[in-house]
Amino acid sequence: MADEEARGAERMEICSELPQTPQRLAAWWDQKVDFYTAFLHHLAQLVPEIYFAEMDPDLEKQEESVQMSIFTPLEWYLFGEDPDICLEKLKHFGAFQLCGKVFKSGETTYSCRDCAIDPTCVLCMDCFQNSVHKNHRYKMHTSTGGGFCDCGDIEAWKTGPFCVNHEPGRAGTIKENSRCPLNEEVIAQARKIFPSVIKYIVEMTIWEEEKELPPELQIRKKNERYYCVLFNDEHHSYDHVIYSLQRALDCELAEAQLHTTAIDREGRRAVKVGGYAACQEAKEDIKSHSENVSQHPLHVEVLHSDIMAHQKFALRLGSWMNKIMSYSSDFRQIFCQACLREEPGSENPCLISRLMLWDAKLYKGARKILHELIFSSFFMEMEYKKLFAMEFVKYYKQLQKEYISDDHDRSISITALSVQMFTVPTLARHLIEEQNVISIITETLLEVLPEYLDRNNKFNFQGYSQDKLGRVYAVICDLKYILISKPTIWTERLRMQFLEGFRSFLKILTCMQGMEEIRRQVGQHIEVDPDWEAAIAIQMQLKNILLMFQEWCACDEELLLVAYKECHKAVMRCSTSFMSSSKTVVQFCGHSLETKSYRVSEDLVSIHLPLSRTLAGLHVRLSRLGAVSRLHEFVSFEDFQVEVLVEYPLRCLVLVAQVVAEMWRRNGLSLISQVFYYQDVKCREEMYDKDIIMLQIGASLMDPNKFLLLVLQRYELAEAFNKTVSTKDQDLIKQYNTLIEEMLQVLIYIVGERYVPGVGNVTKEEVTMREIIHLLCIEPMPHSAVAKNLPENENNETGLENVISKVATFKKPGVSGHGVYELKDESLKDFNMYFYHYSKTQHSKAEHMQKKRRKQENKDEALPPPPPPEFCPAFSKVINLLNCDIMMYILRTVFERAIDTDSNLWTEGMLQMAFHILALGLLEEKQQLQKAPEEEVTFDFYHKASRLDSSAMNIQILLEKLKGIPQLEGQKDMITWLLQMFDTVKRLREKSCLIVATTSGLESIKNDEITHDKEKAERKRKAEAARLHRQKIMAQMSALQKNFIETHKLMYTSEMPGKEDSIMEEESTPAVSDYSRIALGPKRGPTVTEKEVLTCILCQEEQEVKIENNAMVLSACVQKSTALTQHRGKPIELSGETLDPLFMDPDLAYGTYTGSCGHVMHAVCWQKYFEAVQLSSQQRIHVDLFDLESGEYLCPLCKSLCNTVIPIIPLQPQKLNSENADVLAQLLTLAQWIQTVLARISGYNIRHAKGENPIPVFFNQGTGDSAFDFHSILNFGVQSLIKYSNSIKDMVILFATTIYRIGLKVPPDETDPRVPMLTWSTCAFTTQAIENLLGDEGKPLFGALQNRQHNGLKALMQFAVAQRITCPQVLIQKHLVRLLSVVLPNLKSEDTPCLLSIDLFHVLVGAVLAFPSLYWDDTVDLQPSSVSSSYNHLYLFHLITMAHMFQILLTVDTGLPLAQVQEDSEEARSASSFFEEISQYTSGCIGYGIPGWYLWVSLKNGITPYLRCAALFFHYLLGVTPPEELHTNSAEGEYSALCSYLSLPTNLFLLFQEYWDTVRPLLQRWCTDPALINYLKQKNTVVRYPRKRNSLIELPDDYSCLLNQASHFRCPRSSDDERKHPVLCLFCGAILCSQNICCQEIVNGEEVGACIFHALHCGAGVCIFLKIRECRVVLVEGKARGCAYPAPYLDEYGETDPGLKRGNPLHLSRERYRKLHLVWQQHCIIEEIARSQETNQMLFGFNWQLL
Ligand SMILES: [Zn+2]
Ligand SMILES: [Zn+2]
Ligand SMILES: [Zn+2]
Ligand SMILES: [Zn+2]
Ligand SMILES: [Zn+2]
Ligand SMILES: [Zn+2]
Ligand SMILES: [Zn+2]
C-alpha cells in the first residue's frame, strides 16, 4: 500500500498542476469552460507515461493507473457521485431488450428453422438455451466472428423473439422505468463528455503522422523514443514472418515467435524500441528480409512512442465507452448523436463515417474494438441503427472498393456489418425507398467488375485473382441480403426504386449474357484449359438472387409486366448480331422453315445466358398470375420474336448434346466441367431448367412443325433424318445416334416436364416430392444425400422435411452406417425414367433398379411415363408437338430403322425414347377423352399414328413388327403396353359412336386378359428358371469364397474345433466327459492337446507345430495400456530405466498388453517379409504408416499394426498317475511343502553366499528343521527339461525382448534381468484385460472368446513357460524368492512390499511360472513332474488366494449403506469369526461390527474377477478342460464352478481354517506391517475390490450441452479471447486446448500439442478425444499417429455431422458410444488407426503431433 502511494505521489508530481483525487479532478473539470481542452490536457500529461513500456508492459499496473487517473475521474465527472454506487443502481435497470452479444470466431450460434425470418438471424448460446426455439427445429453453426445475437429483435423472429432473460417487463420492471433512470444532470454531463471522448478516439485512430502528435497533445517535452512497428498481412506465412524477424532483429526463435503470434492476434506490434535512425534501419531490414520475387515486403512503420501510447489508449477508451453504454439507452443515444454530428462549416463527414472510411487502413485489433463500439451503440438502438445504415449506404461504394483492395478477412471489415442492417425488413425497405440501395449495390458491382470486361462489354475472367473475385462476392451477397424479405406493402416509391434497381441489375446480366464464348476446336487440342470457375462461381452466387428478383417482380401484375418488358428489351439488345446474320431454309414433310444459318459446331456459343433465363422465369410467373394475355400491352406481337428468344437456350442445349457426342473433345476439361455445373443442382434452376422452360415457351407460341424444324436444324440433324442418308462412317453414325438421343430426350422434357408452378398445375410441395421420389428410385438414401441433391432456396432450405414422410419411410441405422429413406410403394407409380434431373448414370441406375423390382414382383418390365399433370393455359399448346407431322415423321423414321436390318442409325436407347414419346401422346389423348366428349377432343394422336401413309407403314404396324425382333426382347413389355394403350384409346374414341362396340369391346378386353394370363405364366416360368440359374451360380460363388477363406484367412482359426488327435497314447483314455475338470492339486484332470497343423499366411505351406520343429509365429502387438487403471492420469515414467516391474501396483495404472490378430507365419517367412518391408521403405522417402525402427509392420493379411511375433509352442501333455498322487497327498501337507521350499531356498542361499549372488532373504524360524534338506524337493517327482528347437528359442528371446522394450520404454537388451518379469507381467495383465472385457460384455469366461484372443492367450502362456529356460536360473530364482516372500510365512526379503500395494494375480502368475527354477541344479536340468507341479500350483494358489482374501477384507467399503440384511449362512458365520480373529492383530484399525453376511457378500464379489483370471491362466497353462458352467452365461453357477476348477472350497474361509496354524504367523506379519496401517489410513487412494470397471465418460444426450460447455472453456495458459479448439478426453473428461501454441509441451526435445501430451499420461500414449466444436472423434497413438472416427452423436436422420456442416440437432447414440468403448477396451485403437491410415492416406497431411 505504501509502495503504491509513493508511486502515486511520483506521478502526481509530474502533473502537479492537476488536482489529486478523482473527485477533485472531476470538480476541476467542472470549472473549465471547455471540457475537451481540459480533457486532452489531462491525457497529454498521463497517457504517454502510463503506456511507456510498449515492448514489455506490466499490463496489470497499466490497467490500474488508467483506471485510477483517467476512468474513475471521468466517471465521477459523469455521475457527480461515486461511480461504483451509481453503476450498481443502473445495473438493476439495465435489462434491455436486445442481447447484442458479439460473436467471436469459433463460437456456436443457433438459428431456428421454424421461426427465424432468415438464416442470418441467430442466437447466442445463452439466449438459445433460454428460448422457446430449443424445442424447435434448430440449426447449430460455428461463427466466423463478427455477427451478433439477434435475441430481442422483433423483426428477426416470426415467434419467440425474446429469451427468458431479454423478455421485456421481466422481474417487475416496467418498460418506461427501465428506459430512463438517469437524472437530468447526468444526461447533461454525458452530452458534455461523450463528444470529447469519441472525438479523441477518432482523432487518434486515424492519426497518420509518424513523429508528431496533434498540437493539443504536445504538452510534455518530447523524447527521442521510437518504435519499429510491424503490421499483419494475410500474405506472409507465419514462418516467413518469424524468419524475417530473426534475421532483421538478430533475435532468438522464441522472441520472434512471440512477436509473430502477437502480430497475428492484434494486427500490429512494436518489435524494436530506440532512436529514430535505429528503428528506421530495423524497418528496412525487415522489409528486405520479407521480400521476394512473389511477395511484397511486410508493412512496417516507425512510430513515436507518444503516438503509440495515445493510439493504444484511444482503443482502451473505446472499451470503456462500451462498458458505460451498456448501462443505459440514454447513454447510447447521446453517444450516437455525437457520432453523427457533422462539424459545422467542415467538409469532413461525421465522426462515425470518418471511422468507417478509415476502416480498411486500420489494423486488426483496432478494427475489432471499433466494430464492437458500433455494435454496442448504434445496433442496440433501432432508430440509430437506421441512421447508421444510411451513413453506411452513403459511403457504400467507397467502402466496398476499399475492402476489395484490402487484404484482411471479411469478418474484420466494416463491410461485414451490412448483413446486420440489410436483412432487417423495415430497414431494407427504407434503404430501397430512400437511398435506392439496390441500384447502389449493383452500380458498385458494375464499377468493380469492369476490369473483367472484354471489348464486347462482356465479362471475361481469364487469369482472374481468386481472392479478389472472392471479395466481389461479398457485394453480391449484400444484394441477396437486401432482397431476402419480400415486402408485403408496396408504395409507389418502393415500386419505382425497385424497378430502377432491377434495371440496374439487368445491366450486370447484360454483361454476362453470352460471356466467355467458345468455339469448337477441330484438329488440334487446346493448349491451356481456360479458367471457367469464376464465371460458374458467379452464376452460383447469383442463382438465388435471380430467383428473388423474379419473386419480387411477381408481387403484382403491373410490376411484373413492366419488369418483363425491361428484361425482354435487354434480351433483344443482346441478340442483334443474330438477327443480322444470313438465312437458310429447312424442309421436311411439306413443312419448311426459314432460319439463320448458325451452327453450334462451328460458330461461337456461350452457356451464360442469365437474361434469357430471367425472362423465362418472369414468363412462368406471368403464367402463374394468369396475365400472359396482357403481355401484348407491354410487348407488341411483332416485337416479341419468340424465335429469337428460343435461339440462345436451344444452342446451349445443343452444345450439351455435342459434348456428350464427344464432338468437343479437343476443348479440354473446362468445358466438361461447365456442362456438369450447367445441369448440377447448384446451378440448374437458373441455367438448365430455365432453358427447358424457354423451349417450352417457344413450343407453346410457335407452329409445332416449325418449332421441330428449328430444333432439327440446330441439332444439325436434318441430314440424319433424311430418308436417303447412307453413310458408312462409323464415327459419324455414332455421333448422329448420340445427337438424336439427346434431341429426343429434350423433346421428352419439353412435352413432359410440367413440374414447375406456372408451367403445369402443380404446387411447390409436389415439385419437391417428385424430386425426392426420383432420387429414392435410384436407391434408398440418407437424409443428407437427399438434401444435397435438392436445390436450396435463399434461406438454405430445400423444403425436404415437409414432404418426405409422404413419399418415403425412414429406416433407422444400426451400430454403423446411417439411417436411410426408402420409397413408399404407392410412390413408385410416379417414376419417370426420363426425369430431366437425372444424370446419365442416375438414369441407368434408376432404370435398372425399377426393372429389377418389377421382375421380383413378377410384373412386366414396361416403364411407361406416369400421367403428367395438366399444363397451365399459357403452355397448353406445347402438346401439339406430339401430334404434328414432323414428330410423326421422326418417330416413324426411328422405328423403321430399327426394323431395317441394314440400318445402323438407331440404338435401343433411341427406341426407348421414341416409345416414351409415343406413350406421352397416347396418355394425353386418353386423359382428354376421359374428361371431355369425343367430338370436343381435337388432339388426334391416335389417328395420326395409325393413319396409313402412302409411302410408309403406320406406327401401330411398326410396333407389331418390332415386337417380333428377337434382339429387342427387353422392349417387349413396353411395346405390349403401347399396343394395349392404342386399343384403349381406340375404344374410348369408338365408345360414343358404336353401341354394339361395347360388347365386342368387352370381349376384346377378355381376350386381352387371356393373352395377358398366358404371358404371365410364361413370365413366371422364365422367372423360375432364372431363379434356379441364379441359385446355382450363387452356390458356386460361395464355394469359391469358402475355399478362399479357408486357404487364406481363417485357416488357423478353423482348426479350432478340429479332431482331437491325442499325442499321449495312454492305455485307457477315458471319454471326454469323464475327465476330471479340476486344474490344480491331486485330482487334476489331463491336458487336452490336439495336433496342430497350421498354414503359413505367407507361403501357404502347412506345418505341424512341434517343439523340435522350426518355429511358427503369430503376428502380435505389444502396447502399454491404461484400460484397467483405478488411478487415471497417474504420472507415468517416460523411461523405465530404473523401474522395478516385478510387482504390479493394485491400481493397475499402466499395464503391458499383448494382442494378436491371430495370423500365423513361419518364423523364417516372417523374417523375410519384415526385411523386405524394411528394404522397400528405405527406397521410399517417407513412411508415416509405421515405425520400422521399433519393429512395426502391418500384418500381411489383415493389415493390423503389429510390432512383434509370438512363437507358437505346443502344450506339453501331462497326466497324473492317481495312485502316486494319493500317496503324495499323505506326505505333502501345506506345512511340509513350505518347509521343503524354504529348505531349498536356504540351501541355495548358503551356496550362493560363497559366490557373488546371494539371494537376500531372511528366514524367521524353522530353518534348522533337519527333516527337510536341500534335496527333499526333488523327492516328490522330477522329470527332465523339455528341449526346444533353436528356432523356437530365438523367437522366444525376440518376443521377450520386445515386451521388455515396450513395457519399460527402454532400448532392447535381452540380457537385462527384468526381461522375465515383463513376460510374467504381460501374461497377467493381458489375462486381466480379457477377463474384464468378458465381464463388461456379460459373456461367459470360456466359449465367448474371439479366436484371436483364444490363440493369443494360448501362445502367450506357452511362450511364458519356455521363456524361463532361456534365462539364467539363478536370476529366476531371485525373482521367485522375492515373489514368494509375500506369501511364505517364514520368508521375508528386504524389499518385500506391503500387502496392499501389490496386485496378487501378478504375483500368482510370476510365482507359478518361475517356480520350476527351484528344481534347477548345476549338473542336471530338471523340472517338477506332473504330480509335483500339481501340488506346487495348488499350494501357491491357495496361499496367494488367502492373501488376496485378506486384501479384500481389509479394504471392504464400510461406507455403503447396509440395506438388505441377508440371512445368516455358514459363510457369514465363518466371516464373522475370522474377522474377530484378525482384529486382534490390527489393534482396532480394522472396523468392528461389520455383519458377517456383508463381509461374505463383499468377499465373494471382490474375489470373483481374480478367480476368473486364475481359471483363464491355469487353463491356458495346463490345458485342463474347465467345467461346463464356465462355458455358459450363468452368474449363479459360475462361482461354484470356478471353485471346483481351482480346487477351492466354496466357503473360502475354510481355507484359513484348514491351514490355520501355518498361516497365522503370516496374518500376524501382515497385520503389524506399519506400511499396511499407513495404507489403510489413506482412504481415497486405497484400491477396493472388485476394482471399478472403466468406461468412457458420461456424455450428455443433447450435443448442444457439450457446445455450451465448450463455450465456457478458457485456455489455462493464455488470456486472449482468440479462437480455441477445446477437445474433450473421453477417458477422463479433461478439456484441453488443442492445436494451439499456448498449450504445447516439450517431450524429449520435441514440441507436442496439449492432446498428445495429455494422452501420454491419461492413456499411456493412446487416447480417444472428442473435438467439441467439430463433433469429431479422434483416436491418437504416440506422437505422430491418429485418425478420425465417427462421433457417437447422430441427428434425427441417423447421420453424423462432422464439422457441424449441416447443423441439425444431434443426440447421443448409446450403441455407437458403446462400440467406441469396446474399441478401447479391446485394445483396438492402434489397429483402427493403422487401418484408417492404410485406407485413407488423405489424413497424412495432418500434423497429429500438435493436436
Ligand atoms: Zn444472446
Ligand atoms: Zn436473449
Ligand atoms: Zn423457433
Ligand atoms: Zn511360410
Ligand atoms: Zn492379421
Ligand atoms: Zn484424459
Ligand atoms: Zn491454450
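In what follows, residues are counted from 1 in the order of the sequence shown.
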Engineer: Begin with the C-alpha distance, continue with both residues' side-chain angles, and end with the deciding distance and a verdict on salt bridge (Lys or Arg N to Asp or Glu O under 4.0 Å) for Lys961 and Glu896.
Structural biologist: CA-CA 10 Å; Lys961 287 209 164 177; Glu896 278 164 5; over 6 Å; no
Engineer: Are the side chains of Met849 and Ile778 in touch, meaning some heavy atoms are under 4.5 Å apart?
Structural biologist: no
Engineer: Is there a donor-acceptor pair under 3.5 Å between the side chain of Ser844 and the backbone N or O of Thr841?
Structural biologist: yes
Engineer: Does either side chain, that of Asp689 or that of His837, offer a donor lying less than 3.5 Å from an acceptor on the other one?
Structural biologist: yes
Engineer: If I compare all heavy atoms of Thr798 with all of Ala787, which pair ends up nearest, and what's the gap?
Structural biologist: CG2-O, 3.9 Å
Engineer: Run Met694 and Leu650 through side chain to side chain contact (heavy atoms under 4.5 Å, CB included) and show every step you take.
Structural biologist: CA-CA 8 Å; Met694 191 48 105; Leu650 179 58; over 6 Å; no
Engineer: List the atom of Pro865, the atom of Leu923, and the distance in Å for their closest heavy-atom pair.
Structural biologist: O-CD1, 3.4 Å
Engineer: Mark yes when over 12 heavy atoms from residues, nucleotides or ligands other than Gln912 sit less than 6.0 Å from its CD; otherwise mark no.
Structural biologist: yes
Engineer: Using a strict 4.0 Å threshold on nitrogen-to-oxygen distance, state whether Arg613 and Glu686 make a salt bridge.
Structural biologist: no
Engineer: Does Gly758 offer a backbone N or O that forms a donor-acceptor pair with the side chain of Ser623 under 3.5 Å?
Structural biologist: yes
Engineer: Locate the shortest heavy-atom distance separating Ala616 from Lys690; write the atom from each residue and the value.
Structural biologist: CB-O, 3.8 Å
Engineer: Given 3.5 Å as the limit, does a donor-acceptor pair link the side chain of Asp940 with the main chain of His943, or not?
Structural biologist: no
Engineer: Any side-chain heavy atom of Val660 within less than 4.5 Å of one from Lys840?
Structural biologist: yes
Engineer: For the pair Asn737 (side chain) and Thr907 (backbone), establish whether a donor and an acceptor sit closer than 3.5 Å, ignoring hydrogens and angles.
Structural biologist: no
Engineer: Could you tell me which non-hydrogen atom of Ala898 sits nearest to which non-hydrogen atom of Leu962, and how far apart they are?
Structural biologist: CB-CD2, 3.7 Å
Engineer: With a cut-off of 6.0 Å (strictly less than), are more than 12 heavy atoms of other residues, nucleotides or ligands near NZ of Lys824?
Structural biologist: yes
Engineer: If we only count heavy atoms from C-beta on, is the Phe982 to Leu922 side-chain gap below 4.5 Å?
Structural biologist: yes
Engineer: Any side-chain heavy atom of Val751 within less than 4.5 Å of one from Ile917?
Structural biologist: no
Engineer: Can you tell whether the side chains of Glu924 and Arg754 come within less than 4.0 Å, N to carboxylate O?
Structural biologist: yes
Engineer: Looking at CD1 of Ile899 and CG of Asp902, how far apart are the two atoms once the value is rounded to the nearest 0.5 Å?
Structural biologist: 13.0 Å
Engineer: Do the non-hydrogen side-chain atoms of Val756 and Val620 ever get within less than 4.5 Å of each other?
Structural biologist: yes
Engineer: For the side chain of Gln850 and the backbone of Cys777, is there at least one donor-acceptor N/O pair under 3.5 Å apart?
Structural biologist: yes
Engineer: Less than 4.0 angstrom from a charged side-chain N to a carboxylate O is my criterion; do Glu753 and Arg770 meet it?
Structural biologist: yes
Engineer: Between His818 and Tyr1693 (judged by ring centroids, cut-off 6.0 Å), do the two rings come close enough to count as a pair?
Structural biologist: no
Engineer: Is it the case that atom OH in Tyr715 sees more than 12 heavy atoms from other parts of the structure closer than 6.0 Å?
Structural biologist: yes
Engineer: Would you check if the side chain of Ser805 reaches a backbone N or O of Glu801 as a donor-acceptor pair within less than 3.5 Å?
Structural biologist: no
Engineer: For a 4.5 angstrom cut-off between non-hydrogen side-chain atoms, does Phe810 reach Val820?
Structural biologist: no
Engineer: Looking at Glu771 and Arg684, is there a salt bridge between them, counting it only when a charged N and a carboxylate O are closer than 4.0 Å?
Structural biologist: yes
Engineer: Under 3.5 Å, side chain of Glu766 to main-chain N/O of Thr763, donor-acceptor pair present?
Structural biologist: yes
Engineer: Let me confirm one number: the CG-OG1 distance from Asp900 to Thr893, rounded to the nearest 0.5 Å.
Structural biologist: 12.0 Å
Engineer: Hey, mind stepping through Thr976 and Asp860 against side chain to side chain contact (heavy atoms under 4.5 Å, CB included) and telling me if it holds?
Structural biologist: CA-CA 10 Å; Thr976 311; Asp860 64 78; over 6 Å; no
Engineer: Heavy atoms, side chains only, cut-off 4.5 Å: are Trp906 and Phe895 in contact?
Structural biologist: no
Engineer: Do Lys972 and Glu960 sit within salt-bridge range, that is, some charged N less than 4.0 Å from a carboxylate O?
Structural biologist: no
Engineer: Less than 4.0 angstrom from a charged side-chain N to a carboxylate O is my criterion; do Glu925 and Arg989 meet it?
Structural biologist: yes
Engineer: Could you walk me through whether Leu823 and Phe831 pass side chain to side chain contact (heavy atoms under 4.5 Å, CB included), step by step?
Structural biologist: CA-CA 11 Å; Leu823 201 61; Phe831 172 68; over 6 Å; no
Engineer: Compute whether any side-chain donor of one residue and acceptor of the other, for Tyr678 and Asp691, lie under 3.5 angstrom apart.
Structural biologist: yes
Engineer: Within the side chain of Gln735, is there an N or O that forms a donor-acceptor pair under 3.5 Å with the backbone of Ala661?
Structural biologist: no
Engineer: Would you check if there is a donor-acceptor pair between the side chains of Gln971 and Glu861 at a distance under 3.5 Å?
Structural biologist: no
Engineer: Taking the six-membered ring where the residue is Trp, are the ring centres of Phe721 and Phe588 under 6.0 Å apart?
Structural biologist: no
Engineer: Rounded to the nearest 0.5 Å, what's the gap from CG on Leu739 to CG on Leu744? Could you check?
Structural biologist: 11.0 Å
Engineer: Judged by atom type as modelled, is there a donor-acceptor pair below 3.5 Å linking the side chain of Glu716 to the main-chain atoms of Val600?
Structural biologist: yes
Engineer: Kindly state whether the ring of Phe835 and the ring of His843 have centres lying under 6.0 angstrom apart.
Structural biologist: no
Engineer: Do Gln856 and Arg853 have side-chain N/O donor and acceptor atoms under 3.5 Å apart?
Structural biologist: no
Engineer: Are Glu1695 and His783 close enough that a side-chain donor and a side-chain acceptor fall under 3.5 Å?
Structural biologist: no
Engineer: Does Leu776 reach the side chain of Glu822, with side-chain heavy atoms less than 4.5 Å apart?
Structural biologist: no
Engineer: Can you see which heavy atom on Ala945 is nearest to which on Asn954, and at what distance?
Structural biologist: O-CB, 3.5 Å
Engineer: Run the side chain to side chain donor-acceptor pair (under 3.5 Å) check on Asp885 and His591 step by step: do they pass?
Structural biologist: CA-CA 9 Å; Asp885 295 344; His591 297 275; 2.9 Å; yes
Engineer: Under the side chain to side chain donor-acceptor pair (under 3.5 Å) rule, what do Asn832 and His916 come out as? Steps first, then yes or no, please.
Structural biologist: CA-CA 10 Å; Asn832 181 351; His916 200 89; 3.3 Å; yes
Engineer: Could you walk me through whether Arg624 and Cys872 satisfy the side chain to side chain contact (heavy atoms under 4.5 Å, CB included) test, starting with their C-alpha distance in whole Å, then the side-chain angles of each, then the deciding distance to 0.1 Å, before giving a yes or no?
Structural biologist: CA-CA 8 Å; Arg624 208 165 64 189; Cys872 289; over 6 Å; no
Engineer: Check this for me: Lys944, atom NZ, are more than 12 non-hydrogen atoms of other residues, nucleotides or ligands nearer than 6.0 Å?
Structural biologist: yes
Engineer: Do you know the tightest heavy-atom contact between Ile773 and Ser827?
Structural biologist: CG2-O, 3.8 Å
